[in-house]
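To keep things clear, I will list the structure first and then write my remarks on it.
Atom set for the values below is all heavy atoms of this structure, side chains included, hydrogens, waters and symmetry mates excluded. Remember, it's 1-based here, ligands and their atoms both numbered in the order they're listed. All residue numbers refer to positions in the sequence shown, counting from 1.
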Amino acid sequence: MSELLTIAMPKGRIFEEAAELLRQADFQLPPEFDDSRKLIVDIPEENMRFILAKPMDVTTYVEYGVADLGIAGKDVMLEEEERDVYELLDLNISKCHLAVAGLPNAKKSEIAQKVATKYPNVASTYFREQGEQVEIIKLNGSIELAPLIGLADRIVDIVSTGQTLKENGLVELEHIEDITSRLIVNPVSYRLKDERIDDLVNRLAQVVQPV
Ligand code: PRP
């Protein structure tokens, strides 16, 4: 019998596309996989265990080795750059981009502007590279609120359809980086379970849309 593979799946917007990709790669995931509120889902037929984590936490589970593999957005990888995990495959799903946004025609003050974001590391690096001094304010969600109520001048956030910006009267000011989801692995798991992991990577690589 092959070794158990534990995979950290991000709950939320990536989940559905990732599950679809696994099914296309011929992994037998039961229908209740998608609707369950369970946080640990065992698939004995595949000798696989899925743990359902917050997207920002996937790299943590993989780094500590409680998950062998994980699916994480490139945004999370950039924010959590120091994590000891390897990126194995660009799954080319959940495409979006990181951007700077704000109110249209907002005046640029001379003093350091405030930037609200879920991605403080990405934002600091970006503005440092631009030679702009800003104050970063970390939020955990609904980032678009910040400029609307005067907490920040601008935001750094994910833009997918652009609907959230539009409905809140905000505009994209700068494009930072394109984002897709990646398959990541714990380095020790990769050494110990290389055959199983290579099989999964090969099967996924065959169904991934070309990047
Ligand atoms: C993300 C992101 C934006 C929105 C962008 O938030 O932070 O708010 O989606 O998507 P759109 O361009 O298609 O409108 P998410 O829904 O993940 O929730 P959050 O605000 O709690 O982070």
| query | With sequence neighbours left out, what residues match Leu192 under side chain to side chain contact (heavy atoms under 4.5 Å, CB included)? | reply |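 So Leu192 forms a side chain to side chain contact (heavy atoms under 4.5 Å, CB included) with Val188.
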
| request: Only counting residues at least two apart or in another chain, list the ones meeting side chain to side chain contact (heavy atoms under 4.5 Å, CB included) with Pro30. | output: Glu32, Phe33, Ile43

[X] to [Y] - nearest heavy-atom pair and separation:
X: Ala53; Y: Val58; answer: CB-CG2, 4.2 Å
X: Met77; Y: Ala72; answer: SD-CB, 4.2 Å
X: Leu78; Y: Ile179; answer: CD1-CD1, 4.2 Å

| note | Note: with side-chain heavy atoms under 4.5 Å as the link, the other cluster members for Leu39 come out as none

| Considering only heavy atoms, which protein residues lie less than 4.0 Å from any atom of ligand 1? | Arg13, Lys118, Gly141, Ser142, Glu144, Asp157, Ile158, Val159, Ser160, Thr161, Gly162, Gln163, Thr164

